[in-house]
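Below, read A as the first sequence line, B as the second, and so on, with proteins coming before strands; counting in each chain starts at 1. Worth saying up front: this structure is predicted, and the values here are computed from it rather than measured.
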Number of protein chains: 2
Amino acid sequence: MDDTKLTVRAVERALDILSLFTDETELSLTEIAAKTELHKSTVHRLLASLEGKGYLVRNAETEKYRIGFRIWELAANMSQSDDPGVLLQPEMERLRDSLGETISLYVRDGNERIRIQAVQSNQAIRRVAPIGARLPLSVGASSKVLIAFAEPDEQAQLLQELEWASPADRDAFVGQLGDIRRLGYATSIEEREPGAAAVSAPIYNRAHKLVAALGVSGPSNRLTLEKMKEHAMLIIEGANRMGKMLK
Amino acid sequence: MDDTKLTVRAVERALDILSLFTDETELSLTEIAAKTELHKSTVHRLLASLEGKGYLVRNAETEKYRIGFRIWELAANMSQSDDPGVLLQPEMERLRDSLGETISLYVRDGNERIRIQAVQSNQAIRRVAPIGARLPLSVGASSKVLIAFAEPDEQAQLLQELEWASPADRDAFVGQLGDIRRLGYATSIEEREPGAAAVSAPIYNRAHKLVAALGVSGPSNRLTLEKMKEHAMLIIEGANRMGKMLK
DNA sequence: AACTGAGTTTCATATAATGAAACATGTGGA
DNA sequence: TCCACATGTTTCATTATATGAAACTCAGTT
């Protein structure tokens, strides 16, 4: 019981309340109290603080709370850069820290993919991913993602144009695409680099266009099948978050 | 000393810290401590809470704090509607509550203006402003704003086309435009409605285009010259805030 | 090596956040 | 009309909890 807490409970509670508004657009005090399992008295004070500072606004008609203008002010300030590689780096670092493995960001460029950003694992044995590397679209988890989630016509064209080592390779690749779309992520084990495995998920921008693939990769003995499934969830989550940062 | 506090201090402090990021994009712990005049120990804990919940992220290189992904998630959720009238209503209500006077929102439609939104004062004597009303562009504080801050070519055309009661009226109107641009707001006293006065400021969207005029209006005996100056500051502030909500 | 400055952790203390309960207000049902 | 119920607001005693001083790292300077 000595989990030394370096955080402030009241603040965490307030922020949790604020986070509720990522799902719902309007919430009443009692709804919030129910969702957070806090006493309405406590919620009332926290809401007053949030409202007083402009982070929530009260809809005079419905009496419910909505997100306030402060959020816009903050959001307006963050979008200085449009470059996903720059924009997403901090989030990728977060992800690296929680997964402990190298995180890469790929965009498709014609019939290739480019690693436009990467943050390296800091474990002794790690996958090192050079930024700027151009890689084939025919192998690797992120390649599958970039193809599986491409627009149908683009996808068809890519599958025509791309070259595989053998027709069997091609069929194996194509055969996976359906599952990948269904699961929302792709994996690869020792496909391009011996000893390396990866999990990848698509990043859609706010306009719902596929813009990149986000991947985690590491030594295949550390990325067991089980671990990969766990990582997949976090990669998908992270990719969704990041997508909201891109217009 | 009985200022009954219905808010939570720790939360307010945390939110104040977050608000610092509307101006600066990156801040270190000590910078934050200095700006907020809080002990670095306190700031440290608040920052840990904010970071833990994703409202701030640490730039691994600079060690400084930046706005986190949560803000995007929240911002993404709020922009369901693009209609300024709908979007700005809660903010207008806020403003109404702090000024105690009727708040109106006007857009220009050709050679007229339309009151696309209004929230009414709740004082006994109040200006009642019907939504949807079409009004002339040649009188009233908001008309002056919509013309003074229009694009130069549009402005020139409007000044040509609009009709005034007399050439003297026209000259008086045109003569004010320079001051209005300089001050950032316009006023009118008993111009269109006898007994009514108003203050108005432009709303620019995030692309820096003039989209509307935000006005406060009330009985001219309550809106003294002094009061109008005070209100002008708040209207300008509010208009800036609201502009950030419009793309 | 000593010094500065930024960040982090520890710790005793009193403040300040808490939750129960009472109060207020409003709405719909009987 | 009156009662019941739900939602929001305020009060208040209690103690947990946030606080700030100080001590402690850890780097980078001189």
Is it the case that the side chain of Tyr55(A) and the backbone of Leu18(A) share a donor-acceptor pair, with hydrogens and angles ignored and the cut-off at 3.5 Å?
no
For Leu56(B) and dG7(C), what is the distance between atoms CG and P respectively, to the nearest whole Å?
14 Å
Is there a donor and acceptor pair closer than 3.5 Å between the side chain of Arg58(A) and the base of dG8(D)?
no
Of dT9(D), dG7(C), dT18(C), the nucleotide closest to the side chain of Leu29(A) is dT9(D)
What is the distance, to the nearest angstrom, from the CZ atom on Arg45(B) to the P atom on dG7(C)?
16 Å
Should His44(A) be listed as having a side-chain N or O under 4.0 Å from OP1 or OP2 of dG8(D)?
no
Would you tell me whether Ser121(B) and Thr102(B) have side-chain atoms, one donor and one acceptor, within less than 3.5 Å of each other?
no
Can you tell me the distance, in whole Å, between the CG atom of Leu46(A) and the C1' atom of dG8(D)?
15 Å
What is the separation between atom CG on Leu6(A) and atom P on dT10(C), rounded to the nearest whole Å?
9 Å
List the residues meeting side-chain hydrogen bond (donor to acceptor under 3.5 Å, both in side chains) with Glu193(B), not counting sequence neighbours, and say none if there are none.
none
Separation of dT7(D) P from Lys64(A) NZ (nearest whole Å):
10 Å
Just jot down the side-chain hydrogen bond (donor to acceptor under 3.5 Å, both in side chains) partners of Lys209(A), sequence neighbours excluded, or say none.
none
Restricting to side-chain hydrogen bond (donor to acceptor under 3.5 Å, both in side chains), what partner residues turn up for Arg192(A), sequence neighbours left out?
none
Residues in salt bridge (Lys or Arg N to Asp or Glu O under 4.0 Å) contact with Lys229(A), at least two apart in sequence or another chain:
none
Report the nucleotide, chosen from dG7(C), dT10(D), dT19(D), that has the shortest atom-to-atom distance to any side-chain atom of Ser41(A).
dT10(D)
Pick the nucleotide of DNA chain D nearest each of Tyr65(A) and Ala10(A); which residue has the one closer to the 5' end?
Tyr65(A)
How many whole angstroms separate atom NZ of Lys40(A) from atom P of dG8(D)?
9 Å
Tyr185(A): which residues meet the side-chain hydrogen bond (donor to acceptor under 3.5 Å, both in side chains) condition with it, sequence neighbours left out?
none
Distances for protein N/O vs nucleotides 12-15 of chain C N/O pairs under 3.5 angstrom?
none

Distance in angstrom units between Leu27(A) CG and dT7(D) C1', rounded
15 Å
First of Arg13(A) and Ser28(A) reached from the 5' end of DNA chain D, by closest nucleotide
Ser28(A)
Rounded to whole Å, please give me the gap between CD in Glu51(A) and C1' in dG8(D).
13 Å
